[in-house]
Number of protein chains: 2
Amino acid sequence: MTGNAAVDAEVTSRERVLRAAAYLFRTKGFDATSMREIAQLAGLGKSSLYHHVPSKQQMLGELVDHGMDQLTSALQRVATADLPTTERLRLAVRTHVLTYIEHRDSVACFIQEGRALTGDQRGAFFAHRDRYEGWFRELVADGIAKGEFRPTDVKLAVFAILGMCHWVVRWYRPDGGFPPEKIADDFAEFAVRGLVTGQEGG
Amino acid sequence: MTGNAAVDAEVTSRERVLRAAAYLFRTKGFDATSMREIAQLAGLGKSSLYHHVPSKQQMLGELVDHGMDQLTSALQRVATADLPTTERLRLAVRTHVLTYIEHRDSVACFIQEGRALTGDQRGAFFAHRDRYEGWFRELVADGIAKGEFRPTDVKLAVFAILGMCHWVVRWYRPDGGFPPEKIADDFAEFAVRGLVTGQEGG
DNA sequence: GTCTATATATTGATAGAC
DNA sequence: GTCTATCAATATATAGAC
């Protein structure tokens, strides 16, 4: 028992190591986190880490992939919904926010620490990120084509929406007074209001 | 001449060092940047840095302060404008975006690297950040009180707006195809549409 | 004001006992 | 599967010549 709920669960040592790393990468950043700290939080000597993971870089790569998987698998459940584009956007924003909050540590690695990757892992990260953004762009473009959304630059609209969503990483605290559902609802409403047609005659 | 426009200007050595550091802190992050790299970009041996700056930490503190000054001084020119709250919000978002783009390196230090500070500098950073957020909260609360904005949680609204604005750090490139004015206009429109009353009867 | 040389600490990672 | 001991590299920072 380390006193940290993210690490104390009954799981394999390898998983304890990865969870400790994800927690520290989210809260301190990859470069500011040492293998010694990860080992300490996981309850091991630092050399023991290398029995479970080949390197610090490889750990980050695995965590970034895992965070990306959480986001994309959650989003795909929403992407296929047979709903008006406006409601699909609402669902997409809600899903992103709730998925982040539920899987904070690994998703934060994807959102914040991807640039610390090198080599093939770095390229894969940017490809995955672009794919995720691309899905939102298709959604917004679809809404404009259908006349549900006002005509506006699609890329900037998605940067605005994902900026709002991704920034949650920087301020959300479980004891911060905002239930996840409240944040998800309010942010979905912001995204929809920013895009739906209306007030053009003002 | 280093080939980097942010550093080549005709200025004192001290300023060259600070500009090199700011550029690297923005693009690589504080922890991933070494004094050796800063010296190289500034065109000095690494020991020579310490003639101009007492430590790496102190440099970051100075840059974070400078970035914060850019944002707050620009915002204060807007804060006193005698305009409807809706237009003051539009101006505030526009000003934030344009100020970031003009003073990217130091403002990015304020937005992204503040958490790397320690001791008194760390406390001062959080105080300044809270003050900046507080100004936006007053603006939003004022708009709600006057009936210009729909009733909504003020803190979440400001997190949404500043998230959208701060995330520009992560995607803006001078050659990215978006003129600063275009980004500023679109983002101001998003913020306003997210908050103004309307469509409540739908 | 810039340099060479160096002190000291810490890093990620490895070797090998148990 | 975890440990102690250690390696080689790099980090920030200092001392002192010029």
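Chain letters run A, B, ... following the sequence lines, proteins first and then strands; every chain starts at 1.
- Taking atom CZ of residue B/R36 and atom C1' of nucleotide D/dA9, one finds them 12 Å apart after rounding to whole Å.
- At the heavy-atom level, B/T12 lies nowhere under 4.0 Å from the strands shown.
- Residue A/Q40 contributes atom CD, which lies 16 Å from atom C1' of D/dT2 at whole-angstrom precision.
- Defined by atom type and a distance below 3.5 Å, a donor-acceptor pair is present between the side-chain atoms of B/T86 and B/E148.
- We find that B/D142 and B/R88 are joined by a salt bridge, their nearest charged nitrogen and carboxylate oxygen being less than 4.0 Å apart.
- Remark: P of D/dA11 and CD1 of B/I38 are 11 Å apart, rounded to the nearest angstrom.
- Classification of B/K182 and A/D153 as a salt-bridged pair fails, no side-chain N sitting under 4.0 Å from a carboxylate O.
- Separating the CG atom of A/D31 from the C1' atom of D/dA11 is a distance of 13 Å, rounded to the nearest angstrom.
- Residue A/K46 contributes atom NZ, which lies 22 Å from atom P of D/dG1 at whole-angstrom precision.
- Of the side-chain N and O atoms in A/S13, one or more sit less than 4.0 angstrom from OP1 or OP2 of D/dT2.
- Scanning both residues, B/D105 and B/R19, for their nearest heavy atoms gives OD2-O, 4.4 Å.
- Side-chain N/O atoms of B/H66 and B/E62 include no donor and acceptor closer than 3.5 Å.
- The CE-P distance, from B/M35 to C/dT6, rounds to 21 Å in whole Å.
- Residues from residues 47-59 of chain A lying near DNA chain C, meaning a heavy-atom separation below 4.0 Å, are A/S47, A/Y50, A/S55, A/K56 in numerical order.
- Listed by chain and residue number, B/L44 satisfy the side-chain contact (heavy atoms from CB on, under 4.5 Å) test with B/S48 (two or more places apart in sequence, or in another chain).
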